[in-house]
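Below is one structure; the comments refer to it alone.
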2 protein chains.
Amino acid sequence: MSCEERRGSILEAAAAVFGERGYVGATTDAVAKAAGVSQPYVVRMFGTKENLFLEVLGRSLDRLLTTFRRVIAEAPAGTDPVELKALIALAYADLLQDRGLLLSLMQGFMLGADPAIGPAARAGFLQVYRLVRDEAGFSPEMAGEFLSGGMMLNTLVAIGLPAEYDTDPVARELLDHCAPNKAAMIARLSKELA
Amino acid sequence: MSCEERRGSILEAAAAVFGERGYVGATTDAVAKAAGVSQPYVVRMFGTKENLFLEVLGRSLDRLLTTFRRVIAEAPAGTDPVELKALIALAYADLLQDRGLLLSLMQGFMLGADPAIGPAARAGFLQVYRLVRDEAGFSPEMAGEFLSGGMMLNTLVAIGLPAEYDTDPVARELLDHCAPNKAAMIARLSKELA
DNA sequence: GTCTATACGGCGATAGAC
DNA sequence: GTCTATCGCCGTATAGAC
């Protein structure tokens, strides 16, 4: 396999592992196993674990921004920002299906105190804010609401509430009122229970 | 010092350390140093690191619920739920001044996959939801909005954005529109920069 | 009630062969 | 391009003295 192909598959595996175990809890060995290579090879290719995480973070952010821009571009010109907000929220919920990608982002947010990761996470977060404000035309209030909803969704997925959707009526009620895309959540659920 | 006093001071130190470094990143040695005791003594007193974290989690949750109940009880009878929501949000922002306590909760939320911590975190989260719905009279929509705002605040603090309040105008704008208690945030900021 | 000493396992990173 | 072997550190937990 070529260098670039390997890079891609390792980064993909790393996103899943980092999302599931967190930055500190994830091991380069677990990433290696998930990607089907040896542990030293992962280190060799990315230098350090920290650097590997930074690349995962950057990738996740890129995908997020790209997706949002596509939704904005595909909306008819002159679409109301409020409507656009619902569309982007929906796209975000869909993106959340890829647990690793988004949970890695969330893990990055929790590492604000880290001297190398903190600045990258803050910059990424502000980049998203600027995108919805400048490119989607959200008011600061709308942008805040949008990001709040996103953080809530991230938390609900991280805490594992969707898995209790049909065993706990309170969890169900909460999810029904917070998930912009109920169908997607349920799809996740059934996948999780399988 | 008596056993109970020590317990309290170790738990307090543990909340700060867990909040700052995360569950995996925190070491029992760091907790011990922060509490001014030896590392084996911390383990001796709480059995395992996992158990120590569960106690910190329970304490944080208790303090949260107690605070919310006090706000509800102190509000004049028949206060509108919408008004109550603003009051509780304000109390939450104040509580967030104790970084360790609330960030420990947030760290717990990120550990939903852990077989021991996950269930405790989910139960705690739902307990908060039930409180604002049943005792404060929030509609499910309001409860969702309230929790979303809380998760957003947690994230903003965790990522360290308040520290950039007066160096980055975008960060400032974002914080101005998301923090229910601007004064508290600024107080935090100045403390952080000191 | 609190410590010192230490066993034990695990992880990131390096060296070097193929 | 990818592996095996391995070093060295660090963290949890135990044993046992005072």
Side-chain angles (χ1 to χ4, degrees), chain A residues 1-57 100 104 107-108 110-111 113-118 120, chain B residues 1-57 100 104 107-108 110-111 113-118 120:
Chain A
M1 200 181 270
S2 85
C3 183
E4 284 308 308
E5 285 173 321
R6 271 287 184 235
R7 250 187 110 74
S9 61
I10 292 178
L11 281 170
E12 198 174 336
V17 175
F18 280 128
E20 196 164 327
R21 305 205 205 176
Y23 173 65
V24 195
T27 64
T28 53
D29 191 54
V31 173
K33 279 191 169 62
V37 296
S38 70
Q39 179 266 332
Y41 189 57
V42 172
V43 176
R44 165 76 62 109
M45 183 167 266
F46 292 92
T48 63
K49 173 180 165 178
E50 183 176 81
N51 202 59
L52 171 60
F53 184 73
L54 285 172
E55 294 221 27
V56 169
L57 212 59
S104 287
Q107 297 287 351
M110 298 304 290
L111 290 167
D114 185 281
I117 299 171
Chain B
M1 198 182 270
S2 84
C3 182
E4 284 309 307
E5 285 172 322
R6 271 286 183 236
R7 249 188 111 75
S9 61
I10 292 178
L11 281 169
E12 198 173 337
V17 175
F18 279 129
E20 196 165 326
R21 306 205 204 176
Y23 173 65
V24 195
T27 65
T28 54
D29 191 55
V31 172
K33 280 192 170 61
V37 295
S38 69
Q39 179 267 331
Y41 189 57
V42 172
V43 176
R44 165 75 63 112
M45 182 168 265
F46 292 92
T48 63
K49 172 180 166 178
E50 184 177 80
N51 202 60
L52 171 60
F53 183 74
L54 285 172
E55 293 220 28
V56 169
L57 211 60
S104 287
Q107 296 287 352
M110 298 304 290
L111 290 167
D114 185 281
I117 299 172

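Heavy atoms only: backbone and side chains are in, while hydrogens, waters and symmetry mates are out. Bear in mind the structure is a predicted one, so any value in this text is a computation, not a measurement. Quick note on labels: first sequence line is chain A, next is B, and so on, each numbered from 1.
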Please convert DNA chain C into dot-bracket. A pair counts if it is Watson-Crick or G-U wobble with both distances under 3.5 Å; crossing pairs go in [ ] and bases paired with another strand get |. ||||||||||||||||||
Measure the distance from [atom1] on [X] to [atom2] on [N] and round it to the nearest whole Å.
{"X": "Y41(A)", "N": "dT2(D)", "atom1": "OH", "atom2": "C1'", "value": "6 Å"}
{"X": "R6(B)", "N": "dG1(C)", "atom1": "CZ", "atom2": "P", "value": "11 Å"}
{"X": "F53(B)", "N": "dT12(D)", "atom1": "CZ", "atom2": "P", "value": "14 Å"}
{"X": "E5(A)", "N": "dT2(D)", "atom1": "CD", "atom2": "P", "value": "9 Å"}
{"X": "F46(B)", "N": "dT14(D)", "atom1": "CZ", "atom2": "C1'", "value": "18 Å"}
{"X": "R7(B)", "N": "dT2(C)", "atom1": "CZ", "atom2": "P", "value": "13 Å"}
{"X": "L52(B)", "N": "dG11(D)", "atom1": "CG", "atom2": "C1'", "value": "14 Å"}

If you compare all heavy atoms of [X] against all heavy atoms of [Y], which two are closest, and at what distance to 0.1 Å?
{"X": "V56(A)", "Y": "A14(A)", "value": "CG2-CB, 3.7 Å"}
{"X": "A113(B)", "Y": "E20(A)", "value": "CB-O, 4.4 Å"}
{"X": "Q107(A)", "Y": "G19(A)", "value": "NE2-O, 3.6 Å"}
{"X": "L57(A)", "Y": "A120(A)", "value": "CD2-CB, 4.3 Å"}

Protein-proximity profile, nucleotides 7-18 of chain C, B/S/- by nucleotide at the 4.0 Å heavy-atom cutoff, equals ----SBBB-B--
I'd like to check the side-chain contact (heavy atoms from CB on, under 4.5 Å) partners of V37(A); sequence neighbours left out, ordered by chain and number. R6(A), I10(A), A32(A), A35(A), Y41(A), V42(A)
Test: salt bridge (charged side-chain N to carboxylate O under 4.0 Å, His left out). Region: residues 47-57 of chain B. Which pairs qualify, not counting sequence neighbours? R7(B)-E55(B)
Got a sec, which pairs hit salt bridge (charged side-chain N to carboxylate O under 4.0 Å, His left out) with one end in residues 36-47 of chain B, sequence neighbours left out? none
From the set dT2(C), dG1(C), dT2(D), return the single nucleotide nearest to any side-chain atom of M1(A). dT2(D)
Excluding sequence neighbours, so at least two apart, what forms side-chain hydrogen bond (donor to acceptor under 3.5 Å, both in side chains) with D29(B)? K33(B)
Which word best sums up how the rings of F18(B) and F53(B) line up, parallel for under 30°, tilted for 30 to 60°, or perpendicular for over 60°? perpendicular
